[in-house]
Structures are given as structure tokens and as C-alpha cells.
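Take a look at the structure below.
Hydrogens, waters and symmetry mates play no part in the numbers below; they use all other heavy atoms, side chains included. Below, read A as the first sequence line, B as the second, and so on, with proteins coming before strands; counting in each chain starts at 1. Here the structure is a predicted model, which is why all the values come from computation and not from measurement.
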Number of protein chains: 2
Amino acid sequence: MSATTISFVLNGGAQGKKVSEPVKQKILDYVQSIGYKPNLVARSLRTGKSRIIGMLVEDISDPFFSSIGRIIEDNLYEHGYKIFHSSTDNNPARSKDLLRIFRERQVDGYIIAPSPGIESEIQHILNDARPVILFDRFFPGLDTTNVIINNAGGTYDGTMHLIMNGFVSIAFITIDSEQVQMMDRLKGYKLAMTENELPSLIQKIKYVEYKTAPGKIAVRIKEFLTSNDSVDAILFATNYLAICGLQAIRELGLRIPYDIGVVGFDDNTHFSLFTPTITAVAQPVEEMSKKVIEQLMLCMTDENTRTMNETIVLPTKLMIRESSLSTVALTMKKQI
Amino acid sequence: MSATTISFVLNGGAQGKKVSEPVKQKILDYVQSIGYKPNLVARSLRTGKSRIIGMLVEDISDPFFSSIGRIIEDNLYEHGYKIFHSSTDNNPARSKDLLRIFRERQVDGYIIAPSPGIESEIQHILNDARPVILFDRFFPGLDTTNVIINNAGGTYDGTMHLIMNGFVSIAFITIDSEQVQMMDRLKGYKLAMTENELPSLIQKIKYVEYKTAPGKIAVRIKEFLTSNDSVDAILFATNYLAICGLQAIRELGLRIPYDIGVVGFDDNTHFSLFTPTITAVAQPVEEMSKKVIEQLMLCMTDENTRTMNETIVLPTKLMIRESSLSTVALTMKKQI
DNA sequence: CTGAAAGCGCTTACAG
DNA sequence: CTGAAAGCGCTTACAG
């Protein structure tokens with residue numbers, strides 16, 4: 001029996017080639033009996049397809065990225081793909097290295113939440129007409145398909161919500177990142193403040209510091225609050241900042257929302273269990289993952305879509321809880 | 001110039017083969033100029049080594065597994081390995097499928113937090129003398145290298161701590177899993193209760209239910225607490241159960257630790273921000289990851305260690321916070 | 001020190 | 001309907 005026939009049987013036969021039933025059955029039985037497992041490495045070398053997708057995120061241990069990672073993994077699995085998951089720590093050198101490794105391993109497509117400074121590497125991928133989807137952030141100068149959330153809308157909503165609840169000295173605590181998602185979050189906050197003729201008060205934590213223990217960042221936030229004691233509410237630009245900020249607020253003995261109102265960006269399962277519960281701008285994790293897969297699969301099948309510049313913007317949802325409500329603050333006041 | 005010479009230059013030359021400096025330099029320059037990138041798929045096919053490790057966990061979006069995943073990814077990267085990360089949902093069929101895929105892709109080694117029912121698949125890997133490390137749980141009948149924590153010790157400590165703080169009707173809320181890590185947690189609890197002549201009270205949540213939304217599990221826990229109103233403390237067997245349990249306790253309007261003491265198993269960053277702060281048995285995530293890598297690398301280099309039965313047991317650490325302290329309960333009592 | 005050649009395990013045009 | 005043969009891009013014994 002020839003390799004050709006066997007290959008046709010196992011792979012369902014190429015272009016109308018048929019194998020007779022008896023032969024087919026015999027091969028199937030034999031394959032079963034010896035427990036044959038195809039060598040996918042050899043197949044990849046021959047076909048040029050690896051059926052592996054390379055995925056780059058900032059940090060796979062971040063709940064946002066690990067939830068998305070999980071959903072994408074499940075979806076790709078359905079499509080017969082496996083995934084290489086790597087964390088860049090937002091470091092350009094590491095990102096480049098990982099992208100090189102992905103390429104050397106012949107991944108079929110890329111899903112990337114890009115670090116700064118890797119525009120030209122992404123451009124290389126586009127030049128090779130390989131499928132690539134950026135998500136969470138993107139480079140406005142590149143013709144990629146991007147799946148993001150409405151960051152400015154999210155912070156705008158959060159800020160407006162605080163304003164409507166009577167807070168007037170609202171600080172925005174963020175990181176010193178020039179990346180588009182962070183810039184947009186800043187924009188939304190500023191817009192709401194300006195529209196209401198309130199002065200903006202922005203505190204940026206250095207990214208190197210941001211990558212350290214929560215305690216250290218809490219120290220920075222405490223310093224900020226101590227030297228700006230008129231602040232009556234804070235909008236945190238990331239989930240991690242909110243956690244560190246809550247620690248700072250606790251250590252300073254401030255009462256939420258009576259002494260200080262709080263809104264976080266990026267919701268998490270625990271915010272509804274804090275006392276008081278914490279208001280947050282939720283990101284549509286599920287929809288985002290689905291859109292990423294949908295767009296990637298489109299690029300995989302239709303070569304023309306690969307360098308088509310498109311940015312899909314998904315809405316955020318403000319999860320209103322106690323930490324930002326004037327009524328809750330009022331009740332607390334009465335109790336004191 | 002022959003492929004042999006080029007290969008020697010790029011891979012540092014095999015077994016004492018030397019390439020003259022001028023030739024070497026010329027090749028290096030040329031390779032640089034055309035931007036040559038090796039095809040690692042071809043190399044894998046030829047050498048039989050993929051430099052890929054397959055990792056199977058229950059759920060990569062679980063903070064415990066994603067933290068370990070991150071550390072292991074970083075460590076393997078240092079060693080020149082990449083990782084396939086997959087979630088099994090503790091489902092045997094899915095686990096088997098993923099293991100088959102790993103094999104077809106010729107992974108060099110396996111890191112597995114096994115689901116039930118895959119003993120024979122793991123045995124196959126051992127028979128092939130492939131490096132495999134089990135962690136978090138293991139199969140007592142197999143000659144694998146296992147890295148686990150002292151589960152029984154952890155729950156014993158947690159239970160003893162509650163008893164020493166005056167709690168007498170301590171319930172253990174767990175899942176209906178027969179896996180070794182869960183059985184050991186149960187054992188530690190029972191031992192502490194028996195030693196102190198206290199009656200055990202165990203509530204098992206069905207695994208299918210466990211995989212649903214926190215709200216549904218909270219309902220189960222509320223039912224349990226309502227029909228067992230003498231319970232004065234709970235030890236939760238997993239992090240997720242603790243979160244759901246805290247929701248249940250909140251919804252019932254019970255005050256921690258005055259009405260009910262709480263200890264969780266598996267610490268998380270947020271427990272120190274809850275009101276009151278939550279006591280938990282912390283797992284040594286960093287050490288565990290390092291041990292896994294260390295043992296895997298040992299198996300990779302030394303074939304003899306691959307089927308050596310060894311179980312490395314790491315200690316847990318009780319993080320004592322407010323939710324379990326009699327002094328805190330006392331203070332609350334005075335305030336009421 | 002350098003090169004010609006075989007072979008890893010597949011797939012697939014081509015011939016019969 | 002079936003088979004012989006080439007080739008994917010490497011590595012590595014072997015010969016010179």
C-alpha cells in the first residue's frame with residue numbers, strides 16, 4: 001500500500017481523489033491497530049501551514065488577558081488551531097524577540113496586544129501578508145485590523161457619573177504610557193471635566209514602578225492624596241491601579257465614598273464583594289475575544305482582508321456600585 | 001558555500017568542527033544582509049526535538065494557574081523553550097485530546113495538572129520515556145515526578161487556627177472531587193476536628209455546578225447556611241468557593257467574623273482589601289513553579305530520572321487576617 | 001577546514 | 001483507483 005493512498009484516506013483525499021471502500025477500511029483498521037499518530041511537524045514542513053497562532057499579551061497573569069486568552073484558546077481549538085501564548089511585559093525588545101520566535105516556528109497568524117515600539121515588526125508581518133489582528137491597543141499608522149474598546153467613552157462615562165453624584169475635585173490616576181488605549185482613557189476624563197468646567201488633576205505612575213508590588217504603588221498614591229487633600233474622588237485608569245489605590249485609601253483611613261469617591265477601569269469579580277462595593281467601567285471581554293477570532297478567521301481565509309485597515313470599537317459598560325454614589329455617602333454622613 | 005558550513009557557523013559547529021574566521025565572518029554578514037531566519041519546523045523534523053513544552057492546567061484564567069503559567073513561561077523562555085498552554089476544565093476527554101495533539105506536535109516534555117481519568121495516557125508518556133512533571137495533583141499509582149503542596153497541612157492549620165479562636169461549629173465547603181489534592185484538604189480538616197473532638201460538617205458542591213457563575217454557587221452556600229444555622233465558621237476548600245461564599249454571606253447579611261468566621265484556601269491579592277480582611281492558606285506559587293521547571297530540566301537532561309517516582313511537597317502558609325480572629329469578633333460585639 | 005548526500009515524515013503533482 | 005518520486009528546510013555522518 002502506498003503512502004499516497006494512506007494519506008488520501010487519512011486526510012479525506014485531495015481534489016476529488018477517491019479511495020475504494022474496502023481499501024479505505026483496511027487502512028483505517030491498520031492505522032488503528034498500530035496506534036498511528038501523524039507527525040504534524042512533518043506535515044507543517046511540507047504544507048507550510050503550522051495551524052498554530054502566536055498570541056502576544058502584556059501579561060498572561062493579568063485577569064483581563066488571561067480571560068481573553070482562555071476564550072480565544074477555546075475558540076481556536078474549535079477551529080483546529082493551537083496557540084502560543086506569550087507575555088511581553090510591554091517590553092519592545094522582548095516583543096521583538098517573541099515575534100522572531102513566532103516567525104521561526106512558522107505560526108499561521110498573530111493576535112497581538114502590542115507593546116510600544118514594534119511598529120516596524122508589525123509592518124513586516126503585513127508586508128508578508130500574514131494574518132494579524134491587534135487588540136486592546138493598536139498603531140494608528142498601520143493598516144491592521146484592530147479590535148478595541150471605547151476607552152475615551154468609558155472614562156467619560158465614569159467621570160460624568162462621579163460629577164453627577166456631586167464630586168467636584170476628581171483626580172485621574174494613570175500610568176505614564178503613550179499607548180493609544182491610555183491616551184484615550186485620559187482624553188475621556190479630560191473631556192468630561194472640561195465640559196463641566198472642572199479642573200483636571202492627573203497623576204501618572206511610572207511604568208517601571210507600575211510593574212512592582214502593589215504596596216509600592218500604594219505608597220505613591222498615598223503621597224499624591226496627602227499632598228492633594230482637596231481631592232474628593234478618584235478615577236483609576238487600570239484594574240491594578242484601582243487595587244493599589246484601594247489599599248492606599250484603606251491605609252490612609254479614608255472612608256469610601258464619604259471621604260472619597262472611587263471608580264475603577266476594567267471590572268473584576270471581586271469589586272462587588274468589597275465594602276463598599278466598587279463602581280467600575282467593565283470591558284466586554286467575551287465580545288472582544290469573539291471579534292478577534294472572527295476577524296482572524298476572515299484574514300486566514302480571505303487574503304485581501306489582511307492589510308485592510310479596520311478598527312472595531314466595542315462599547316464599555318459602567319457597573320454602578322456603592323463607591324461612587326452620593327446617596328451612599330449621605331447615609332455614611334448621617335451615621336457619623 | 002555549502003549548507004554544512006553555514007549550519008556549523010549558525011549553530012556553533014558540532015563536535016569540534018571548526019570553521020575558519022574569514023569564512024565565518026563572511027557567512028554571518030551574508031545571513032545578516034538577507035535577513036535569514038531559520039525554519040524551526042524543518043529543524044524539529046530533522047532533530048526530533050521541538051523545544052516546545054506542553055502544559056495542561058485546569059483553567060488558565062484561574063489566577064493560581066495563570067500566575068504559575070506566567071512564571072513557568074518566563075523560565076522556559078530563559079532555557080530556550082516555548083510553551084503550549086491549554087485548559088482542560090478537568091474534563092478527561094478534552095485532556096486526552098490535548099495530550100494527543102501535544103504528541104502529534106512532538107512536544108519535548110509535559111507539565112500537567114491532571115484531570116481525573118487520564119492515568120493510562122500519562123502512563124503512555126512514561127512508557128515512551130518522555131519527560132513529564134505533574135503538579136498541584138497527581139496519581140499515586142504512577143511513577144511520575146510530582147510537585148504539590150501540603151494540602152492536608154494547609155487545611156489542618158486553617159482549622160486549628162479557627163478552633164484556637166473559639167469557633168466550634170466549623171463547616172468545610174468543598175467540591176465533590178475525588179482528586180488527591182481535594183481529598184487531602186478534606187483530610188486535614190477532619191483531622192483537626194477529630195483531634196479536638198468536634199463534629200465535622202462537610203458540604204460538597206457538585207463540580208458541574210462549580211463551573212457555573214458565582215451567583216449560582218452562592219445560592220447553594222446560602223441554602224447550606226440557612227439549614228445549618230449553628231455553623232459559626234467556614235473553611236473554604238478553594239479560592240473560587242471562598243469568593244462565592246463571601247457573596248453568600250454578604251447576601252445573608254451575616255457579619256464576619258462576629259456571626260461567622262472565614263478562612264479561604266489559596267490566597268489572592270484582594271483578600272487583604274476586603275472588609276474585614278480575609279484569612280487564607282497561601283500556596284507557594286513561585287517555589288512551585290521553580291520546582292516544576294527544575295524537575296523538568298532534570299528529566300530533560302537525565303533520562304534515568306524520567307520514571308523515578310518522586311513527590312515534592314511544598315509547605316503552605318497561613319495568612320492570618322481579620323475574618324478568623326476572636327479579638328475582631330469581640331470588638332464587633334462591643335460595637336453592636 | 002569544507003562539501004556532497006542522505007534522510008526526518010509528510011503531501012501532492014504526475015503517470016499509469 | 002493506485003503508486004513512484006520529488007521536495008519542504010534543515011542537520012549530520014561521511015568522505016575528501
Looking at the base of dT12(D), is there any donor atom on it, or on the side chain of T4(B), that sits under 3.5 Å from an acceptor on the other one? yes
If pairing means Watson-Crick or G-U wobble with both distances under 3.5 Å, then the partner of dA15(C) is dT2(D)
Base, sugar-phosphate, or nothing for V23(B), non-hydrogen atoms under 4.0 angstrom? sugar-phosphate
Rounded to whole Å, please give me the gap between CG in N39(A) and P in dG7(C). 18 Å
In whole Å, I'd like the distance from the CZ atom of F8(B) to the P atom of dC10(D). 15 Å
Do D97(B) and R94(B) meet the salt-bridge criterion of a basic N to acidic O distance under 4.0 Å? no
Expressed in angstrom and rounded to an integer, what is the separation of Q106(B) atom CD from dC10(C) atom P? 8 Å
To the nearest 0.5 Å, how far apart are NZ in K290(B) and CD1 in I71(B)? 7.0 Å
Between F65(B) and R70(A), is there a cation-pi geometry (under 6.0 Å to ring centre, at most 45° from the normal)? no
Expressed in angstrom and rounded to an integer, what is the separation of I27(B) atom CD1 from dC10(D) atom P? 14 Å
Within the structure shown, what part of the strands sits under 4.0 Å from R43(A) by heavy-atom distance: base, sugar-phosphate, or nothing? sugar-phosphate
Closest nucleotide of DNA chain D for T5(B) versus for L45(B): which of these residues is on the 5' side? L45(B)
Between E104(A) and R51(B), is the closest basic N to carboxylate O distance under 4.0 Å? no
Answer with base, sugar-phosphate or nothing: what part of the nucleic acid does T47(A) contact at a heavy-atom distance below 4.0 Å? sugar-phosphate
Euclidean distance, atom OH of residue Y36(B) to atom P of dG9(D) [Å, nearest integer]: 10 Å
In this structure, how many angstroms lie between the C1' atom of dC8(D) and the CZ atom of R46(B), rounded? 14 Å
Figure out the NZ/P separation between K26(B) and dC1(C), and round it to whole Å. 17 Å
When the distance from CD1 of I6(B) to C1' of dA4(C) is rounded to whole Å, what number comes out? 14 Å
Is the closest basic N to carboxylate O distance between K291(A) and E294(A) below 4.0 Å? yes
Establish, with yes or no, whether the OP1 or OP2 oxygen of dC10(D) is under 4.0 angstrom from a side-chain nitrogen or oxygen of S7(B). no
